[in-house]
Amino acid sequence: MDHHASVETLLSKAEIPIIDLSHMGTVEAPCKSTVRRVAAQLHRSLSEKGLALLVNHGIPDEKLRAVYSAFDNFCVLPNGTKNSYLRTPPNNHGYVPPGVERFTNEHVEEMRHTFNITWLDRQLPESEVPGFQAAVTSLAQDFQKLAALLLRALALSLDLQAEYFLNSHRNMFHEGNSSCMRLLYYPPFGAPPTPGVTRCGEHADYGTLTLLAQDCEGGLEVQTSTHKWGRVGHLPGSILLNTGELLASWTSAKYPALRHRVVVPEQPKIRSKGRHSIAFFVHPDDDTPITPIQCPVNQAEQPATNNCIVKNGNKIYTAYQHLQMRFRETYAS
């Protein structure tokens, strides 16, 4: 049930594209006609809106609930225990306590517990939360498979050969790639909420694209093409796809990066509940040069960056350099 039925949402106004991923097949054996249909829908959705809701994506709700529950069990551990899993730069893996990250101006505190997962085989709180590693690993592998299928459709949406993006995203959850599954728990607020506190400030994601699963508590807002903020709303069982900064750079802003935020709900009964979400940030391999795409269609099945024309005057930077720059800004305090 959407607790925000009384709040008008982009979903209730039919302003968010919904894409059915049924019968896409697998990366190894894609159903080409379905992938082509999804590619056409992605092209329209991402160029016009920067986001889409995906249904029949193949990720079971019980896997999401298992990870929400495991992270809840982590969040109630003593601070000393949680802090033994702190994120330690330049690695992005680990726990980030409330108030450490900042996407907005310095006068607003952002209240959320976060666990960034970039490795599936180390530094997970398995002894303190039995079953944590199995729940996280199973869900991460599902997200990775879904992302790979979408990267294939994304290439076709831009008239590129199907492996174009897959070739530069081969190492998700391995060394040399910064893709991250991020567990998020937003604690309840009192009524009235504390001034100067929010859940997540306005920002665009840093990578290629983001896949977001969330519970029904709401609060996610996106910036529309008219630069107004719109509440997304809740579609049970769907996963939100949105564009990131590297995709905007690659496509010369044909697919602009979506700005979004998470606000504190207006209704007291919802403020008194926590909010769960899981974001999978899809990033290219660290050494991928990010140069605007001007590529011939159906070129040889090679890492396609080798065959692209680089527009004059653009400084070439890698995916890793972009990400580290953004992290320095986010964790500046």
ask   = Would you say Thr34's side chain and His23's backbone share a donor-acceptor pair under 3.5 angstrom?
value = yes
message = Going by side chain to side chain contact (heavy atoms under 4.5 Å, CB included), Leu158 matches just one of Trp250, Phe165, Tyr164. Which one?
response = Phe165
ask   = So, for Tyr85 and His93, is the gap between ring centers shorter than 6.0 Å?
value = no
key: Contact summary for Leu183 and Phe71, nearest pair of heavy atoms   = O-CE2, 3.6 Å
ask   = Under the criterion side chain to side chain contact (heavy atoms under 4.5 Å, CB included), which of Asn242, Leu246, Leu212, Val282 is the partner of Asp205?
value = Asn242
query = Does any donor atom in the side chain of Asp286 or Ser178 lie under 3.5 Å from an acceptor atom in the other side chain?
reply = yes
ask   = Using the benzene-type ring in the case of Trp, are the ring centres of Tyr185 and Phe74 under 6.0 Å apart?
value = no
query = Would you say the side-chain atoms of Gln223 pair up with the backbone N or O of Leu258, donor to acceptor, closer than 3.5 Å?
reply = no
query = Just by modelled atom types, is the Gly131 backbone N or O under 3.5 Å from a matching donor or acceptor in the Glu126 side chain?
reply = yes
key: Pair Arg170 + Glu163: basic N to acidic O under 4.0 Å   = yes
key: Student check: side-chain heavy atoms of Lys145 and Val27 closer than 4.5 Å   = no
ask   = For the side chain of Asn177 and the backbone of Ser179, is there at least one donor-acceptor N/O pair under 3.5 Å apart?
value = yes
Under 3.5 Å side-chain donor-acceptor pair for His113 and Tyr95 = yes
ask   = In the single-linkage hydrophobic clustering (I, L, V, M, F, W, Y; side-chain heavy atoms under 4.5 Å), do Phe281 and Leu211 co-cluster?
value = no
query = If every non-hydrogen atom of Ala257 is compared with every non-hydrogen atom of Ala248, which pair is closest and at what distance?
reply = N-CB, 3.7 Å
inquiry  = Checking Met24 against His57 for the side chain to side chain contact (heavy atoms under 4.5 Å, CB included) test, could you report, in this order, the C-alpha distance in whole Å, the side-chain angles of both residues, the deciding distance, and whether it holds?
reply    = CA-CA 9 Å; Met24 272 186 87; His57 45 69; over 6 Å; no
message = Centroid separation under 6.0 Å, is that true for the rings of Phe143 and Phe173?
response = no
ask   = Looking only at heavy atoms, which two atoms of Tyr255 and Ser47 are closest? And how far apart?
value = CD2-N, 3.7 Å
